[in-house]
Amino acid sequence: MKLRLKELLNTEQYEAASVTEGPLLIIAGAGSGKTRMITYRIAHLLELGIPQRAVLALTFTNKAAKEMEERVSQLLGKPAKRLTVSTFHAFGLQVIKRHGPLLGFRGNITVFDTQDVQALIKESAREAKISLEELNVYDIAGRFSQIKSGLASLDKETAVIRQLYEEYQSHLRTYQAVDFDDLIALPLELFSTQPEVLEEYRERFRHILVDEFQDTSRQQYQLLRMIALGHRNICVVGDDDQSIYSWRGANYENITDFETDFPEVREIKLEQNYRCTGNILTAANHLIANNAKRKVKALWTGEQEGLPLYLRTMDTESDEAGFMISKIREMKRKNRWSYGSFGILVRTNSLMNSIEHELVTENIPYSVSGGQSFFARKEVKDVIAYLRVLANPHNDIDLLRVINTPRRGLGKSTIDHLHRWAEKRGSSLYSAARDMISVDASPLTGKAKGALEELLSLLDETSRRIKQSRQMAEVLKNLLEVIEYRLHLLAEHPKNEQLGRWKYDNVLRFLQFFSQWEQDPDTGSATLYDYLNRISLSGKQEPDLREGRISLMTIHASKGLEFDCVFLPAVEEEIIPHGRSIEEDPASLEEERRLFYVALTRARQAVFISSCRTRKYLKGRRECLPSPFLEEIPKELFSHEETDAPVSTEEARDFFSELRKKLS
DNA sequence: CGAAGTATCTTTTTT
DNA sequence: AGATACTTCG
């Protein structure tokens, strides 16, 4: 293989891909061929004889990591197995696993997701006898997260919170568990306290690449910096206009810090957009120009103007979904596109429901990606909880989830007894349960004792089998049959048999994924733990079903992707910019604008924007107005031909801006 | 004592 | 619509 980089890339891309020594900061606008450049850069490094294991490429999502790895493999003509391409979090987990003992872990580590964390906080509060009346778990989890990631100080919290935090931490330890913040914080701690470990990483990773640099957090940057200070070959790629994760600690001042930490940095701007047609790019540029805080950048395209942007206001969300479907059919026919050319991007997960409903009714193939779609569904989480208990019965959080699902007569009072027993002896709930069924003096009723005994022997038996089996999915399936999980799901929805069936289908789908993973030759000797960690780190690891299907996702999840045709429903006030986000911090208006910018720039050729007059909200309906962001886009970029429209674009816009004036 | 029924509130984005 | 807290029923 001989790469002819000069012929394959434009001047700036070429420079970015071929300068391999020293720090490099690349400001890459939307659609500027960033991924392409990075892929070639990696291939180029390897061509220079740098071993795969010396390259560390960090991305933000698993999807992006997977894609990057695939594209490099494609260029090389063989899988790039020794390359480290992963998310910060997955990399962190790898580090923690490798040096577990130094951090006080023995054996397998479990990653707790948001829900697990909240459950654990409740547990901790109960055990520390802290009343949570005034405090909600959600807020506390957020505060803990800030503390761990260094954005807040524990010292400033009340004594009660501090105590709860200690309790929470000690629980994590006993379960051999880490939360998402630990995945960054612990490696950082390790590197700071164990210079020889840091040195090992510095020596190994001679070339570091970071994608979506604008979305790295303070701590992630620190981690990165520590490793990079060894050899200083670090290339970061980002776009401040696409920073949409500041609520999660993303700190685009990292860009400035990078310039200070690496003063010899070379800076390259990629400003030619290869993705969008002229009108789309002009609209996006006008919009983003309203942000005050940004690096100056002038994205341009050599493309034609292309289609105008289409704007439409509908009565209800179901009209809107219908409108999108008919437009998709039309565009599909006209352009001979497949369903895979279309993306429907929404601001919030809840907006997906009505759209999904309509797509299902119309029998249109779609796939939901990102968000909490699949692995977070209750029925799937239940099954995962069973798996986790089978892997480690001493994990109280999962045992609690499983203990009375389906109902087996082990209610609040039995669980209270278990808690008291476990607390007194400092053991896990599982051990407590073991004790309490064998001890005569146990306070349990005969009934509860019997049920508990039955559950424990079922779990033990299954656990033994699953650990020996090459077909864990089969064993799990068997367990679900024994507990009659399907009947349980059907019984949960007495008035809606379909729903119950659908949920069981999800369970079967999960079993399918599990079995697929297990049979995959790449999986090798991976254990149940590996699988569990994998799914908690990446809810989106469903095998890629996007081909030939419409993609439905949140705008956040769409970052880094592109579609021929993009639909943006619910472009309404309170939704984008999101009411809650503005309420919390008016300064986030700029982030909301960046979100809309990201959404627009996903489109190659066509954009359909819509809003509704009323939309279902919680129990009732509420009145909606078009988003003020629409007024920041020059009118002439929108389409005016609306023969079939009850109201013309112009009329609708004027009508609503007037209405808005009246209301405000 | 647990299960089933009723009332009330809640939804921003994700590793 | 779904989760949670509280009440009533068996």
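Small disclaimer: the values here were computed from a predicted structure and weren't measured.
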Requested in this report: Check the pair A:Glu356, A:Tyr366 against side-chain hydrogen bond (donor to acceptor under 3.5 Å, both in side chains), reporting the backbone distance first and the verdict last.
Outcome: CA-CA 8 Å; A:Glu356 264 193 278; A:Tyr366 72 97; 2.7 Å; yes
Query - Length of the line joining A:Gln242:CD and B:dT14:P, which is rounded to integer Å - result: 16 Å
Query raised in the report: Looking at B:dA3, B:dT12, B:dT14, which one has an atom nearest to any side-chain atom of A:Asn349?
Result: B:dT14
Query raised in the report: In whole angstroms, how far is the P atom of B:dT13 from the CG atom of A:Leu345?
Result: 15 Å
Query raised in the report: What's the CG-P distance between A:Asp215 and B:dT13, to the nearest Å?
Result: 16 Å
Report summary line: A:Arg248 has its side chain closest, among B:dT13, C:dA3, B:dT14, to B:dT14
Query raised in the report: B:dT12 P sits how many Å from A:Leu589 CG, rounded?
Result: 17 Å
Query raised in the report: Taking atom C1' of C:dA1 as reference, at what distance in whole Å does atom CG of A:Leu351 sit?
Result: 15 Å
Report task. Please report, rounded to the nearest Å, how far the C1' atom of B:dT13 is from the CD1 atom of A:Ile582. Result -> 13 Å
Query raised in the report: Are A:Phe342 and A:Phe563 close enough that their ring centers fall under 6.0 Å?
Result: no
Requested in this report: Considering non-hydrogen atoms only, spot the tightest contact between A:Ser627 and A:Ile576 and give its length.
Outcome: OG-O, 2.9 Å
Query raised in the report: Which whole-number value in Å describes the distance from A:Leu418 CG to B:dG2 C1'?
Result: 15 Å
Query - A:Arg407 vs B:dA4: side-chain N/O to OP1/OP2 distance below 4.0 Å - result: yes
Report task. State yes or no: are the ring centers of A:Tyr245 and A:His556 separated by less than 6.0 Å? Result -> yes
Review item, nucleotides 6-10 of chain C N/O atoms under 3.5 Å of protein N/O:
none

Query raised in the report: Touch check for A:Asn404, heavy atoms < 4.0 angstrom, all strands: base, sugar-phosphate only, or nothing?
Result: sugar-phosphate
Report task. Could you check whether A:Ser581 gets within reach of a base, just the sugar-phosphate, or nothing at all, counting any heavy atom under 4.0 Å? Result -> base
Requested in this report: Please indicate yes or no: is the ring centre of A:Trp247 less than 5.5 Å from the centre of the six-membered base ring of B:dT13, with the two planes inclined by under 30 degrees?
Outcome: yes
Query raised in the report: Centres of the A:Tyr485 and A:His488 rings: under 6.0 Å?
Result: yes
Query - Partner of A:Arg615 by salt bridge (charged side-chain N to carboxylate O under 4.0 Å, His left out), out of A:Glu623, A:Glu574, A:Glu320 - result: A:Glu320
Query raised in the report: When you look at A:Asp398 and A:Asn395, which way does the side-chain hydrogen bond (donor to acceptor under 3.5 Å, both in side chains) test go after all the steps?
Result: CA-CA 6 Å; A:Asp398 289 306; A:Asn395 181 336; 2.9 Å; yes
Query raised in the report: What nucleic acid atoms does A:Glu591 come within less than 4.0 Å of, heavy atoms only: base, sugar-phosphate, or nothing?
Result: nothing
Query raised in the report: Could you give the CD1-to-P distance, from A:Ile184 to B:dT14, as a whole number of Å?
Result: 18 Å
Report task. Taking all heavy atoms of A:Phe258 and all of A:Tyr221, pick out the closest pair and write down the distance. Result -> CA-OH, 3.2 Å
**Report entry** Taking every non-hydrogen atom, the tightest pair across A:Glu592 and A:Ser581
**Finding:** OE2-OG, 3.1 Å
Query raised in the report: Does NZ belonging to A:Lys97 count more than 12 external heavy atoms closer than 6.0 Å?
Result: yes
Query raised in the report: Would you say A:Ser413 reaches B:dG2's phosphate, i.e. side-chain N/O to OP1/OP2 under 4.0 Å?
Result: yes
**Report entry** A:Glu592 vs A:Leu410, nearer the 5' end of DNA chain B by closest nucleotide
**Finding:** A:Leu410
Query raised in the report: For B:dG2, does OP1 or OP2 lie under 4.0 Å from any side-chain N or O of A:Thr414?
Result: yes
What N/O pairs connect the protein and nucleotides 8-11 of chain B at under 3.5 Å? Give each pair on its own line.
unit_1: B:dT11; atom_1: O3'; unit_2: A:Arg580; atom_2: NE; d: 3.3

Query raised in the report: Touch check for A:Lys447, heavy atoms < 4.0 angstrom, all strands: base, sugar-phosphate only, or nothing?
Result: nothing
